[in-house]
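Note that the structure is predicted; figures quoted are calculated from it, not measured. Excluded from the calculations below are hydrogen atoms, water molecules and symmetry mates; all remaining heavy atoms, backbone and side chain alike, are included. Labels below follow one simple rule: chain letters A, B, ... track the order of the sequence lines, proteins then strands, and each chain is numbered from 1.
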Amino acid sequence: DTGVSQDPRHKITKRGQNVTFRCDPISEHNRLYWYRQTLGQGPEFLTYFQNEAQLEKSRLLSDRFSAERPKGSFSTLEIQRTEQGDSAMYLCASSSPDRVRSFFGQGTRLTVV
Amino acid sequence: QQQVKQSPQSLIVQKGGISIINCAYENTAFDYFPWYQQFPGKGPALLIAIRPDVSEKKEGRFTISFNKSAKQFSLHIMDSQPGDSATYFCAASPTEGAQKLVFGQGTRLTINP
């Protein structure tokens with residue numbers, strides 16, 4: 001399977017704990033995006049990387065959230081001191097700049113209890 | 001700020017019928033308009049996309065109609081099948097810069113056999 005891969009698929013954590021998610025994009029794609037999707041809503045943009053550079057962050061991304069893409073390949077999204085409001089599906093997408101089309105992974109479903 | 005408005009929220013269509021979902025956008029910088037299909041627990045899958053230089057694009061049973069002056073676009077699913085039952089999201093993005101997607105709220109489509 002050469003699509004976008006996300007790990008884990010599901011994560012249940014206690015409020016106040018830190019969590020980290022991983023995304024492996026399609027190998028030739030240099031653009032990587034993180035989105036968040038709450039129940040019954042469309043995905044909302046969180047942040048964007050071109051290669052290893054984080055070029056844009058949404059105001060939705062509070063200082064408890066941090067994302068990295070250290071070698072321009074896989075990316076991680078960390079949430080510190082999780083809150084119940086962080087419960088959502090976290091989606092990763094990748095694209096190549098000349099194609100525009102974004103392809104999504106299966107997402108990581110986070111539940112904060 | 002809701003930049004892409006989608007309707008209806010839910011839609012029930014008989015097998016073999018035509019499903020129609022509508023979207024309207026505000027930002028004139030948008031020049032790429034994809035539709036995504038999402039099944040429960042899965043990430044969004046790109047279905048079909050259009051750019052403003054054409055008024056219609058057809059791929060199999062799926063057609064996008066685009067009205068640039070009205071800033072509206074719609075998805076038509078011909079000969080709707082029970083397997084088409086899913087949530088559909090319209091989206092929009094510019095093709096310059098980050099190319100981040102702005103999604104509509106989604107339409108839950110049910111095809112009755």
Grouping I, L, V, M, F, W and Y whenever their side-chain heavy atoms are under 4.5 Å apart, do Tyr33(A) and Phe74(A) come out in a common cluster?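 In one cluster with Tyr33(A): Phe74(A), no.
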Would you say that Phe103(B) contacts Gln41(A) through its side chain, given a criterion of any heavy-atom pair below 4.5 Å between the two side chains?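 With C-beta onward as the side chain, the pair stays apart.
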Hey, can you tell me if Phe33(B) and Tyr25(B) have their rings parallel, tilted or perpendicular (30° and 60° cut-offs)?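 If you compare the ring of Phe33(B) with that of Tyr25(B), the planes turn out tilted.
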Around atom CD of Glu28(A), are there more than 12 heavy atoms from other residues, nucleotides or ligands closer than 6.0 Å?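 It does: Glu28(A) CD has more than 12 such atoms within range.
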With a cut-off of 6.0 Å (strictly less than), are more than 12 heavy atoms of other residues, nucleotides or ligands near CD of Glu68(A)?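 12 or below, so no.
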Nearest heavy-atom neighbours spanning [X] and [Y]:
X	Y	answer
Val4(B)	Cys90(B)	CG1-SG, 3.5 Å
Ile111(B)	Ser85(B)	N-OG, 2.9 Å
Pro8(B)	Thr107(B)	O-OG1, 2.5 Å
Gln106(A)	Gln6(A)	N-OE1, 3.9 Å
Ser73(A)	Leu32(A)	O-CD1, 4.0 Å
Ser102(A)	Tyr36(B)	O-OH, 2.6 Å

Under 4.5 Å from a heavy atom of chain A, the part of [X] involved:
X	result
Pro44(B)	both
Leu46(B)	side chain
Gln38(B)	side chain

Checking an interface table here. Which of residues 49-77 of chain B come within a heavy-atom distance under 4.5 Å of chain A?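 Within residues 49-77 of chain B, the residues under 4.5 Å from chain A are Arg51(B).
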Heavy-atom pairs under 4.5 Å with chain B are the metric here; pick the option from Glu44(A), Arg9(A), Arg31(A), Arg101(A) that has the most.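 Result: the option with the highest number of such pairs is Arg31(A).
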Interatomic distance, Tyr90(A) atom OH to Cys23(A) atom SG [nearest 0.5 angstrom]: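 It comes to 15.0 Å.
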At under 4.5 Å between heavy atoms, what parts of residues 46-57 of chain A are in contact with chain B? List them by residue number.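 So the qualifying residues are Tyr48(A), Glu56(A).
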Heavy-atom distances under 4.5 Å only: say whether Gln37(A) touches chain B with side chain, backbone, both or neither.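 Looking at Gln37(A), just its side chain touches chain B.
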Given a strict heavy-atom distance threshold of 4.5 Å, which part of Arg109(A) is in contact with chain B: side chain, backbone, both, or neither?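 Interface part for Arg109(A): neither.
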Evaluate side chain to side chain contact (heavy atoms under 4.5 Å, CB included) for Asp86(A) paired with Phe65(A), printing each intermediate quantity in order. CA-CA 10 Å; Asp86(A) 297 332; Phe65(A) 288 69; 3.7 Å; yes
Just so I understand: if I count every heavy-atom pair under 4.5 Å between each of Thr95(B), Thr87(B), Leu101(B) and chain A, which residue has the most?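 Maximum pair count with chain A is reached by Leu101(B).
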